[in-house]
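Read the structure below first, then the notes.
Because only heavy atoms are used, hydrogens play no part in the values below, and waters and symmetry mates are left out as well, while side chains stay in. Counting convention: from 1, in listed order, for ligands and their atoms alike.
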Amino acid sequence: MSSTKGKILVLGAAGQIGTDLVLSLREKHGNENVIASDIKEPISEVLDNGPFELIDVLNEERIDEIFLNYNISEVYHLAALLSATAEKLMDKAWHINMQGLLNILNVVKEKNHIKLFWPSSIAVFGPDTPKKNTPQHTITEPTTIYGITKLAGERLCEYYHDNHGVDVRSIRFPGLISYKAPPGGGTTDYAVSIFHEALKQEYYKCYLRSESTLPMMYMPDAIKSMVGIMSASPDQVKIRSSYNVSGMSFSPAEIALVIKKIIPGFTIEYQPDYRQKIADSWPQSIDDNRARADWGWLPDYSTDSMAAEMITELSKTIKKEASTL
Ligand code: SER
């Protein structure tokens, strides 16, 4: 095993970030050293190639049991409901997003030397936040239930660091784009579905307006940011609520044009739904100077390089699926 002494636990391994993260951590640290866990089974690539534990993050005893069974030194707590689902299932979102985090913080508090990663989101910002180059410290008055849970989560993380010495590290993710994990209830997920539909039928009906610019990031950059903040020395991580990070920004019309350059027959139509209001409350671009200065954050991908890779990789998956039918 390379850089960590004990094993790494990923809670939420069947989700959007978890799927990619487990595969990447296993490549780096060895399959047996990364324990994937979720309330449901992950994709077979994750399930078949290393340890998997069924865990409900609301069950603190079960989490404790995992810590007793394995020598864990790092935890990635990714289990949460995303913004669009959370608006539909408010009580469930509150419970999973808040109690889940509290349970992990309490378990980790009792142990020494465990590093904890928890993802926050651009959803902590609200309609009154400056929309362009949104600073690290600014108005945070979210109007979505998801954003409210993320903001409260950030405050909890800082509180547990300051009062209980928990080495928790966090990043405010923008919309994440991956060809491995399927989209899962986020407002920004159109930016994943658009690639699937462009390849399958050269057409996409978008639930956001054409000009709705949002901050986005390609999953390899998101993984790079998590590995970056988790490998930093504790004194480099000066913000213990959550760091702004930035990758790229685009609107549905802009990403449609980029796709059209590669798939010329692609067309898009717009039929905004309840997710438009969520998108309207979020920033368009993010100032990530603090992450760059404190622990050396630097993204690798532009919109063009992300789109080219998404189309290449998804084409392979779609071809493979077609040949097994
Ligand atoms: N991708 C997330 C969502 O749309 C934002 O953190 O819910």
Side-chain angles (χ1 to χ4, degrees), residues 12 14-21 76-90 92-94 96-98 100-101 117-127 129 131 134 140 142-154 157 170-196 206-209 212-223 225-226 241-252 255 272-286 288 291 299 303 306 310:
Q16 198 185 22
I17 303 175
T19 304
D20 278 77
L21 183 68
Y76 292 79
H77 170 53
L78 312 171
L81 258 53
L82 289 179
S83 60
T85 314
E87 287 306 297
K88 300 265 183 209
L89 302 170
M90 196 199 122
K92 191 172 174 189
W94 178 261
I96 292 178
N97 294 12
M98 294 315 316
L101 174 61
F117 179 85
W118 173 78
S120 185
S121 161
I122 53 154
V124 296
F125 301 116
T129 306
K131 288 226 177 286
T134 303
T140 43
T143 50
T144 63
I145 193 67
Y146 175 69
I148 293 168
T149 64
K150 287 296 179 186
L151 182 59
E154 286 191 5
C157 287
S170 175
I171 281 171
R172 289 172 176 156
F173 282 122
L176 296 179
I177 302 166
S178 164
Y179 60 86
K180 288 182 191 154
T187 301
T188 55
D189 285 350
Y190 91 83
V192 182
S193 308
I194 196 170
F195 286 101
H196 287 263
C206 186
Y207 56 77
L208 295 183
R209 278 196 308 272
S212 300
T213 300
L214 287 167
M216 300 280 179
M217 183 176 282
Y218 192 35
M219 194 60 89
D221 272 339
I223 304 287
S225 71
M226 285 186 268
S241 51
S242 194
Y243 276 93
N244 278 9
V245 290
S246 173
M248 55 193 78
S249 283
F250 54 76
S251 66
I255 193 65
D273 65 14
Y274 70 99
R275 288 168 281 194
Q276 185 65 54
K277 193 174 156 208
I278 304 177
D280 287 344
S281 76
W282 289 351
Q284 295 179 354
S285 58
I286 300 291
D288 61 1
T303 306
M306 172 279 290
M310 279 293 284

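In the model, Gln276 has a side-chain atom that pairs as donor or acceptor with a side-chain atom of Ser212 under 3.5 Å. For the 3.5 Å distance criterion, the side chains of Ser120 and Ser170 fail to qualify, holding no donor opposite an acceptor.
A salt bridge is absent between Glu87 and Arg275: the closest approach of a Lys/Arg side-chain nitrogen to an acidic carboxylate oxygen does not fall below 4.0 angstrom.
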Put together the list of close N/O pairs, under 3.5 Å, between ligand 1 and the protein, could you?
unit_1   : atom_1 : unit_2 : atom_2 : d
ligand 1 : 1 (N)  : Thr188 : OG1    : 2.8
ligand 1 : 4 (O)  : Ser83  : OG     : 3.2
ligand 1 : 4 (O)  : Thr187 : N      : 2.7
ligand 1 : 4 (O)  : Thr188 : N      : 3.2
ligand 1 : 4 (O)  : Thr188 : OG1    : 3.3
ligand 1 : 6 (O)  : Ser121 : OG     : 2.7
ligand 1 : 6 (O)  : Tyr146 : OH     : 3.2
ligand 1 : 7 (O)  : Ser83  : N      : 2.9
ligand 1 : 7 (O)  : Ser83  : OG     : 2.6

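Scanning both residues, Thr213 and Ser251, for their nearest heavy atoms gives OG1-CB, 3.6 Å.
Contact annotation: the side chain of Ser249 never approaches that of Thr303 to less than 4.5 Å [non-hydrogen atoms, C-beta and beyond].
None of Asp189, Thr188, Thr187 except one satisfies the side-chain hydrogen bond (donor to acceptor under 3.5 Å, both in side chains) rule with Ser83; the exception is Thr187.
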